[in-house]
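First the structure, in the form of C-alpha cells, and then the observations on it.
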2 protein chains.
Amino acid sequence: MEDFLIKMGYTGLTGRLKRLNDQFVYQTKQFYDDLGVDIEPNWHMIFLLLEKEERLTVMDMANATRISHPGIIKLLNKMKKNGYVSSKKDVDDQRKRYWFLTKKAKEKLPELHTYWEAGDLALRELLENNDELLTLLQVVEKNIYEIDYTQRMKNNMK
Amino acid sequence: MEDFLIKMGYTGLTGRLKRLNDQFVYQTKQFYDDLGVDIEPNWHMIFLLLEKEERLTVMDMANATRISHPGIIKLLNKMKKNGYVSSKKDVDDQRKRYWFLTKKAKEKLPELHTYWEAGDLALRELLENNDELLTLLQVVEKNIYEIDYTQRMKNNMK
DNA sequence: TAATTTTGCGTAACTAGTTACATAAATATG
DNA sequence: CATATTTATGTAACTAGTTACGCAAAATTA
C-alpha cells in the first residue's frame, strides 16, 4: 500500500519524523535486548556526557541536551536503578545534586562503545554516507529556536 | 551552552529527530489550545484519510500510515470521545469495523483546514522553502524498510 | 537584614507511540 | 467437513518525552 504520510508532502513531514525516530528507538532497544545488554537507547547521550564531564547536575544535562529537566530525572532514575549512575548533594549549594558514572558503568563503557560504533556505521549506511540531512536539520533547529512553531503558525493564520 | 546532540554528529541524529518532533507535537498542541480547538496534533492524518476514503478499518489506517494498529485504535478512541469519528461493524465480515467521520467532524473540516494550512506555511518557513529534507528522509525510509536498523547494527558488529 | 525573586530538583498527570498477548471470525488445508 | 492457520480487533504493560505545579535553598533587592 502507498505511504500516505509521504504522499501528504510537507504536511506529512512531522509524522514521518516521529515514525522514523520510533523505528530508531525500538530497533536499538531490540538490538540491546538481542545482545543481552541492560541499557536503553536514550541513555547513550547521558553516558557520553558523564564520560566527558565526570560530574553534572540535572540542569547541566537538561541544558546540554535541550531536554526538559523532568525528562532527565526520569532517565537518571532508571540508570541508577540499573547501577550505572549515582549522585551526591553539593556541599556548597544544597539545591544541587551531582550525578556521576559508577564503577560498573566505567567498566562497561568499552563494551558499550563497540555497540554505539556499530550503530553509527548503520546510520551512515542508512544516510548513504551523506551528512546533508544533518545540515538541513540544523537549519530547522536554528529557525524554530529563533521563532517557535506555534508563533509561526499564528502568524500564518488568515 | 553548546548543543551536545549536534556536537555528537551522526550519533546525535536520532536524539535530534526525537527532539524536533516533540517540538512540533507540543507546539501544535499549544496552537490548538490557544485557539480553543479540541483536537490533537496526530489526529490530522486520520482526518485526512477519512475525508478522502469515506470509511476505513483500523488495519486500513495502520497500513496507510505505517503506524501499529494499537496506535491507531488509541487515536480513534480519543477522536470518538470528542465526537469526531464513529464506527460500525461490517455486515459481511464480522471481524471488521468501519470507521468514518461524524457530522460534527465534516462541519468542522473547513475550519480545521485553515489551521493545517497555517501549519504547512510555518513548516515551509522552517525549511526555508527547500524540500530537500523530505527527499533525503525518503532515502532513509527506503533503506530502513529494506534492511532494518537492528540488522544493520548487528552486521556492523565485531 | 528582611522580603522578594530566582534557581534546582522532584512529582503528577498528560500525549504518543511500541511489543506481546488474547479472542473471535474467516479462510485454507488435509 | 473438521482442523489448522490467518486476519482483525482489542487490551495490557511498556518506553520516552512533555507541561504544570510545589518546595526549599540561594541570590537579589529594598
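We name chains A, B, ... by the order of the sequence lines, and we start the count at 1 in each one.
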task = Mind checking salt bridge (Lys or Arg N to Asp or Glu O under 4.0 Å) for B:Glu2 and listing every partner two or more places apart, or none if nothing turns up?
result = B:Lys7
inquiry  = Applying side-chain hydrogen bond (donor to acceptor under 3.5 Å, both in side chains), can you list everything that pairs with A:Tyr84, at least two apart in sequence or on another chain?
reply    = A:Asp38
task = Taking salt bridge (Lys or Arg N to Asp or Glu O under 4.0 Å) as the test, write out the residues that go with A:Arg19, two or more places apart.
result = A:Asp3, B:Glu141
inquiry  = Considering only residues two or more places apart or on different chains, which pairs with a residue in residues 46-58 of chain A satisfy salt bridge (Lys or Arg N to Asp or Glu O under 4.0 Å)?
reply    = A:Glu54-A:Lys106
request  = For A:Asp93, check salt bridge (Lys or Arg N to Asp or Glu O under 4.0 Å) against everything at least two apart and list the hits.
outcome  = A:Arg95
key: Residue list, side-chain hydrogen bond (donor to acceptor under 3.5 Å, both in side chains) with B:Asn21, at least two apart or on another chain   = none
request  = Starting at atom CH2 of A:Trp99, determine the distance to atom P of C:dG8, rounded to an integer number of angstrom.
outcome  = 16 Å
task = Please list residues of residues 48-61 of chain A whose heavy atoms come under 4.0 Å from any atom in DNA chain C, ordered by number; otherwise none.
result = A:Thr57, A:Val58, A:Met59
Electrostatic pair B:Arg152:B:Asp148 at N-O distance under 4.0 angstrom = no
request  = Using the test salt bridge (Lys or Arg N to Asp or Glu O under 4.0 Å), find all partners of B:Asp34 that sit at least two apart in sequence or belong to another chain.
outcome  = A:Lys154
request  = Hey, could you give me each pair passing ring-ring contact (aromatic ring centres under 6.0 Å, His included) that has a residue in residues 133-158 of chain B? Not counting sequence neighbours.
outcome  = A:Phe24-B:Tyr149
Pairs meeting criterion ring-ring contact (aromatic ring centres under 6.0 Å, His included) with involvement of residues 104-139 of chain A, two or more places apart = A:His44-A:Trp116, A:Phe47-A:Trp116, A:His113-A:Trp116
note = B/S/- along nucleotides 11-20 of chain C (protein heavy atoms under 4.0 Å) is B-B-BSBBBB
Could you list all N or O pairs between the protein and nucleotides 23-27 of chain C that sit under 3.5 Å apart?
unit_1, atom_1, unit_2, atom_2, d
C:dA26, OP1, B:Asp92, O, 3.3
C:dA26, OP1, B:Gln94, N, 2.9

query = How long is the line joining NZ of A:Lys96 and P of D:dA26, in whole Å?
reply = 11 Å
